[in-house]
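We name chains A, B, ... by the order of the sequence lines, and we start the count at 1 in each one.
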Amino acid sequence: MDASPPVVLELKDIGKNYGGRRVLNAIGLRAAGGEVVSVTGPNGSGKSTLLKIVAGLLRPSRGEVTLTIDGGALDAAARRRAIGYAAPDLELYPELTGRENLQFFAAVRGLRLPATEAARRLADVGLAGRGEDPLGAYSSGMRQRLRLALALLHEPRVLLLDEPSLALDEGGVAMVARIVEAQRGAGGLTVLATNDPRETALGERGFVLGG
Amino acid sequence: MSWAAEAGAVFAREWKAEWRTRVALASVVLFALSSLTLIALSLRGGVSPGPEVAAALLWIVLFFTATSGLGRTFVQEEERGTALALRLAARSTVVWAGKFAANALLLLGLTGLAAPLLLGMLGVRAANPGLLFCVLVLGGLGLAAVTTFTAALVAQTSSRSGLLAVLAFPILVPLLLAGVHGVKAALGVGNVSGGWAPGMGDLQVLGAYAVIAVTASLLLFDWVWND
């Protein structure tokens with residue numbers, strides 16, 4: 001019988017250079033479903049870069065990322081579509097409404113998201129009644145809530161959250177905690193890049209990047 | 001949902017956004033109309049330059065309209081930061097196909113507007129309107145495919161303005177040659193009877209070019225989009 005957990009993320013000797021500048025060096029990590037890992041470190045230490053490498057959005061200069069789900073290792077392209085990712089630099093379409101953004105990203109994932117289901121998803125992140133507003137009229141906190149809804153759209157087994165509470169009010173911070181707990185309860189893996197003590201407290205494992 | 005439905009979602013979003021902002025539409029229509037107006041003013045009261053020059057002028061307008069208007073599609077994704085979300089959610093071929101379809105529709109619509117206007121202003125009549133239609137449709141598809149692919153390439157660079165035309169032109173030379181020759185045949189140059197035979201070779205080149213351009217773009221786009 002295969003005793004390996006259904007979700008395993010393994011980073012081996014990850015390094016990243018931007019030009020001549022070394023941002024990440026020899027990063028190693030192994031985490032499994034049900035865990036919450038918080039990545040901390042000073043500004044510019046490479047937290048966001050590390051999450052982008054895990055997401056398959058950036059190619060590491062050295063090392064290897066292996067994400068195994070139900071025994072199958074995913075390549076970078078499959079990793080991108082399998083994970084749920086929210087980050088401050090992830091922008092959505094300002095000429096579409098919140099609902100249209102969700103429905104568009106569901107459609108390109110091959111998912112059907114009827115308007116009622118989209119409204120429920122928006123209500124889950126505190127955007128009830130705001131789905132028909134154009135994104136251009138959203139505040140930064142509302143945009144962050146929509147990013148979180150987008151990250152959860154396909155019920156991912158791996159959630160990568162880069163400063164998830166950024167621009168959120170107290171209710172939003174509590175919502176992030178609920179999302180992380182729900183992910184843990186469902187046996188999924190969450191990696192948080194943050195320096196916010198309220199977020200680092202959510203993780204049972206801490207990973208500190210140097211300056 | 002199927003691959004085609006996913007590409008259709010990209011296509012629908014492109015047009016929905018375009019309908020609400022009209023940025024690319026305004027850009028290509030303005031470019032085409034201002035070019036046509038300049039041509040009309042320069043020829044006012046003069047002798048019609050004939051079908052040879054008309055064919056060349058038509059493709060010049062289409063080429064620069066395509067490179068000035070269609071290139072925005074990927075540049076805007078990168079500049080606004082929406083490319084990140086799109087990379088995470090959509091397969092690369094779906095992104096290219098949806099954007100290509102949106103660009104092709106825009107370019108073909110514009111061709112439908114610009115070609116009769118230009119030929120009317122120059123006093124040139126088509127000897128074979130069917131051949132002219134086929135040449136412009138096949139040429140437009142090839143032009144849209146190459147412009148869409150090159151736009152994605154240019155969007156990854158820091159010097160975006162003007163680079164698209166420079167990169168796309170050498171790739172488009174076979175299409176432009178066949179396009180100009182095919183339009184000349186449709187306008188009656190060496191084809192007084194208005195038959196199809198003088199333009200068939202050009203149609204074959206344009207058809208093959210469009211197929212190769214679409215296939216190569218689909219095969220290579222992942223490398224451009226994700227690396």
Side-chain angles (χ1 to χ4, degrees), chain A residues 48 51-60 75-97 99-114 134-137 143 146-154 156 158-162, chain B residues 1-26 72-102 155-156 158 218-227:
Chain A
S48 299
L51 253 61
K52 281 194 168 70
I53 288 172
V54 173
L57 290 165
L58 274 180
R59 194 188 288 268
D75 63 12
R79 231 168 42 230
R80 273 193 296 275
R81 298 193 74 206
I83 57 104
Y85 178 88
D89 59 345
L90 187 138
E91 294 296 342
L92 306 176
Y93 293 103
E95 62 277 348
L96 301 184
T97 66
R99 175 185 58 78
E100 287 171 338
N101 266 289
L102 271 194
Q103 287 183 312
F104 167 69
F105 283 105
V108 295
R109 281 188 178 279
L111 305 171
R112 291 190 194 282
L113 190 71
L135 196 70
R143 283 171 188 246
L146 190 60
R147 286 186 193 108
L148 291 167
L150 195 70
L152 299 169
L153 195 59
H154 53 301
V158 179
L159 204 48
L160 306 178
L161 302 177
D162 189 354
Chain B
M1 274 163 67
S2 66
W3 181 90
E6 292 170 30
V10 175
F11 171 83
R13 193 215 67 79
E14 291 283 318
W15 271 99
K16 191 180 279 183
E18 188 51 45
W19 188 247
R20 289 176 185 175
T21 62
R22 293 186 175 84
V23 177
L25 205 59
R72 291 180 54 267
T73 180
F74 285 106
V75 170
Q76 203 177 38
E77 296 276 7
E78 296 294 343
E79 286 181 348
R80 297 196 308 191
T82 50
L84 199 60
L86 201 52
R87 281 192 183 96
L88 285 165
R91 289 182 270 184
S92 55
T93 53
V94 159
V95 174
W96 184 84
K99 286 184 178 284
F100 160 68
Q156 310 291 327
S158 53
L218 283 170
L219 289 173
L220 296 173
F221 185 69
D222 186 64
W223 169 74
V224 173
W225 179 239
N226 285 319
D227 278 355

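Heavy atoms from other residues, nucleotides or ligands lying under 6.0 Å from CZ of A:Arg59 number 12 at most.
In this structure, CG in B:Asn226 is found 11.0 Å from CG in A:Leu58, a value given to the nearest 0.5 Å. With rounding to the nearest 0.5 Å, the separation of CZ in A:Arg80 from CG in B:Leu86 is 11.0 Å.
When heavy atoms are compared at a cutoff of 4.5 Å, A:Ile83 approaches chain B solely by way of its side chain, counted from C-beta outward. For A:Arg109, the parts sitting under 4.5 Å from any heavy atom of chain B are the backbone and the side chain alike. Of the two parts of B:Thr82, the backbone and the side chain both hold a non-hydrogen atom closer than 4.5 Å to a non-hydrogen atom of chain A.
Taking 4.5 Å as the limit, every side-chain heavy atom of A:Phe105 sits out of range of all side-chain heavy atoms of B:Leu88. Two residues are said to be in side-chain contact when any heavy atoms from C-beta on lie closer than 4.5 Å; B:Arg20 and A:Leu96 meet this criterion.
Counting all heavy atoms, side chain and backbone alike, B:Arg87 lies closest to A:Leu57 at CB-CD2, 4.1 Å. Closest approach of B:Ala85 to A:Glu91, counting heavy atoms only: CB-O, 3.9 Å.
A salt bridge links B:Arg13 with A:Glu95: the distance from a Lys NZ or Arg NE/NH1/NH2 to an Asp or Glu carboxylate oxygen falls below 4.0 Å.
For the options A:Phe104, A:Tyr85, A:Tyr93, heavy-atom pairs under 4.5 Å to chain B are most numerous at A:Tyr93. Comparing A:Glu100, A:His154, A:Arg147 by how many heavy-atom pairs each has under 4.5 Å with chain B, the most go to A:Glu100. The most heavy-atom pairs under 4.5 Å with chain A, out of B:Ala90, B:Gly81, B:Ala89, come from B:Ala89.
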